[in-house]
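Letters go in sequence order (proteins before strands), and every chain restarts at 1. None of the values given here were measured: they were computed from a predicted structure.
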There are 2 protein chains.
Amino acid sequence: MTNRRDAVHDTLRRSEGFRSAQDVYAEMRSDGAKIGLTTVYRALQALADGGKVDVLRTDDGESVYRACASGDHHHHLVCRRCGRTVEVAGPDVERWAEAVGAEHGFTDVTHTVEVFGTCASCSAAVRAS
Amino acid sequence: MTNRRDAVHDTLRRSEGFRSAQDVYAEMRSDGAKIGLTTVYRALQALADGGKVDVLRTDDGESVYRACASGDHHHHLVCRRCGRTVEVAGPDVERWAEAVGAEHGFTDVTHTVEVFGTCASCSAAVRAS
DNA sequence: ACCCAGAATGAAAATGGTTGTCAAAATCCC
DNA sequence: GGGATTTTGACAACCATTTTCATTCTGGGT
Ligand SMILES: [Zn+2]
Ligand SMILES: [Zn+2]
Ligand SMILES: [Zn+2]
Ligand SMILES: [Zn+2]
């Protein structure tokens with residue numbers, strides 16, 4: 001049997017956008033997988049720690065995960081209706097963040113940058129409703 | 001007696017960095033204020049909804065609030081050790097976020113941008129330890 | 001194959017920030 | 001003053017996440 005962590009990773013890869021631990025758990029169970037919620041949490045944490053998946057927090061405090069195609073540093077453009085996600089690079093933003101930190105004497109500068117919006121197909125769906 | 005909401009707002013204004021609801025509650029109580037935790041939560045929510053204070057989520061999922069000097073759209077450079085916060089503007093970042101959204105057909109584009117680091121005095125403190 | 005130590009697993013209980021409930025208290029309005 | 005309305009806050013409920021801990025793997029070593 002394939003390693004649990006790999007199974008979780010695979011489920012994530014099969015998804016389009018960011019998914020919560022409970023989401024992943026529910027999907028795996030409905031696919032017939034025999035796995036516990038705790039293990040899903042642990043696998044996602046490990047994957048995130050190892051940089052294999054990206055994490056972000058929704059407005060209501062849930063952690064959501066995504067297996068991004070790019071292994072390099074990047075950010076996300078996320079549809080706030082359907083979750084569809086586009087990976088985007090922003091060299092200017094990287095430089096800006098560094099500069100802002102340095103300008104005020106800060107070291108070990110990191111940043112979080114996420115862009116949200118309504119994707120084209122969701123806009124269309126709303127208009128049609 | 002001053003309005004509860006104003007009391008909460010004042011307490012926040014007296015603070016340097018971002019503070020959690022429980023923080024604010026504890027501080028007000030130790031200052032002798034007669035107020036309930038629920039009310040502090042409600043006041044902070046109302047202030048945030050009205051754009052009077054800024055909110056962000058810590059890594060461990062706590063919502064933290066700050067009464068910023070600037071009423072205009074801005075971002076934060078936060079010391080991850082002492083919480084000291086600098087308000088920063090980033091016109092380039094604003095334009096970049098808009099452009100990225102538009103480029104992929106997204107509408108109603110918003111963004112979250114936060115910069116973290118270790119401030120000069122905390123760096124000094126660490127070095128001295 | 002057998003044994004055992006250490007790692008992985010997961011069901012159930014605990015945690016903890018946040019929100020809901022609802023009765024009491026303050027405030028408004030006539 | 002008196003009734004309607006809003007605000008308050010003690011307490012209980014929520015719910016994602018973490019911790020516990022007993023059980024189940026796993027991978028040598030013999
Ligand atoms: Zn969409
Ligand atoms: Zn970046
Ligand atoms: Zn500092
Ligand atoms: Zn901005």
Side-chain angles (χ1 to χ4, degrees), chain A residues 1-12 15 17-67 78 80 83 112 114 116, chain B residues 1-12 15 17-67 78 80 83 112 114 116:
Chain A
M1 183 221 301
T2 165
N3 186 343
R4 312 294 213 209
R5 181 168 314 176
D6 292 340
V8 169
H9 200 174
D10 285 347
T11 302
L12 219 46
S15 305
F18 281 84
R19 310 290 303 272
S20 73
Q22 318 245 7
D23 264 357
V24 172
Y25 171 68
E27 178 162 334
M28 293 181 77
R29 289 310 283 259
S30 81
D31 284 356
K34 205 166 80 57
I35 191 171
L37 180 55
T38 310
T39 304
V40 172
Y41 271 105
R42 277 194 284 239
L44 288 172
Q45 240 166 254
L47 289 166
D49 288 349
K52 304 297 184 57
V53 305
D54 287 356
V55 199
L56 61 86
R57 292 248 178 199
T58 64
D59 288 337
D60 53 340
E62 236 180 338
S63 291
V64 287
Y65 304 82
R66 182 170 195 271
V78 184
R80 70 169 71 80
T112 67
E114 306 294 341
F116 301 93
Chain B
M1 184 219 299
T2 165
N3 187 344
R4 311 297 212 205
R5 181 168 313 177
D6 292 340
V8 169
H9 201 175
D10 286 346
T11 302
L12 217 46
S15 305
F18 281 84
R19 310 291 302 272
S20 73
Q22 318 243 9
D23 265 358
V24 171
Y25 171 69
E27 178 162 332
M28 294 182 76
R29 289 311 283 257
S30 80
D31 284 357
K34 206 166 78 54
I35 192 171
L37 180 56
T38 309
T39 305
V40 173
Y41 271 106
R42 276 195 288 239
L44 288 173
Q45 240 165 254
L47 289 166
D49 287 350
K52 304 297 183 57
V53 305
D54 287 356
V55 200
L56 61 85
R57 292 248 179 200
T58 63
D59 288 338
D60 53 341
E62 236 179 338
S63 291
V64 287
Y65 304 83
R66 182 170 194 270
V78 184
R80 71 169 70 81
T112 67
E114 306 293 340
F116 300 94

Quick one: pull up CG in Asp23(A) and OG1 in Thr11(A) and give me the separation to the nearest 0.5 Å. 11.5 Å
Any side-chain heavy-atom pair of Leu12(B) and Tyr65(B) under 4.5 Å: yes
Provide, to the nearest angstrom, the distance between the CG atom belonging to Asp6(A) and the C1' atom belonging to dA8(C). 14 Å
Return the value, rounded to whole Å, for the distance between atom CG of Asp60(A) and atom P of dG20(C). 12 Å
Nearest 0.5 Å, please: how far is CD in Glu62(B) from CZ in Arg57(B)? 10.0 Å
Report the distance from atom CD1 of Ile35(A) to atom C1' of dG10(C), rounded to the nearest whole Å. 10 Å
The side chain of Arg42(A) lies closest to which of these nucleotides: dG10(C), dG9(D), dT18(C)? dG10(C)
Please pick, from dT18(C), dG10(C), dA10(D), the nucleotide with the shortest atom-to-atom distance to any side-chain atom of Ala21(B). dT18(C)
Is Arg4(B) near enough to dG9(D) that one of its side-chain N or O atoms lies under 4.0 angstrom from OP1 or OP2? yes
Write down the distance between CG (Asn3(A)) and C1' (dG27(D)), rounded to a whole number of angstrom. 15 Å
With the side chain of Leu37(A) defined as its heavy atoms from C-beta on, choose the nearest nucleotide among dT17(D), dG9(D), dA12(C). dT17(D)
Whole-Å distance separating the CZ atom of Arg57(B) from the P atom of dA16(D): 13 Å
Quick one: label Ser63(A) by what it contacts on the DNA or RNA (base, sugar-phosphate, nothing), any heavy atom closer than 4.0 Å. sugar-phosphate
Between dA10(D) (C1') and Tyr41(B) (OH): distance, integer Å: 15 Å
Can you tell if the side chain of Tyr25(A) reaches within under 4.5 Å of the side chain of Thr39(A), non-hydrogen atoms only? no
Calculate the interatomic distance between Tyr25(A) atom OH and dT9(C) atom P; express it in whole Å. 14 Å
Would you kindly check whether a donor in the side chain of Thr39(A) faces an acceptor in the base of dA8(C), or vice versa, at under 3.5 angstrom? no
Selected nucleotide, minimal atom distance to Glu62(A) side chain, candidates dA16(D), dG9(D), dG10(C): dA16(D)
Do the side-chain N or O atoms of Gln45(A) get closer than 4.0 angstrom to the phosphate oxygens (OP1, OP2) of dT18(D)? yes
Does Asp31(A) reach the main-chain N or O of Ala33(A) with its side chain, forming a donor-acceptor pair under 3.5 Å? no
Rounding to an integer number of Å, can you tell me how far Leu47(A) CG sits from dA8(C) P? 13 Å
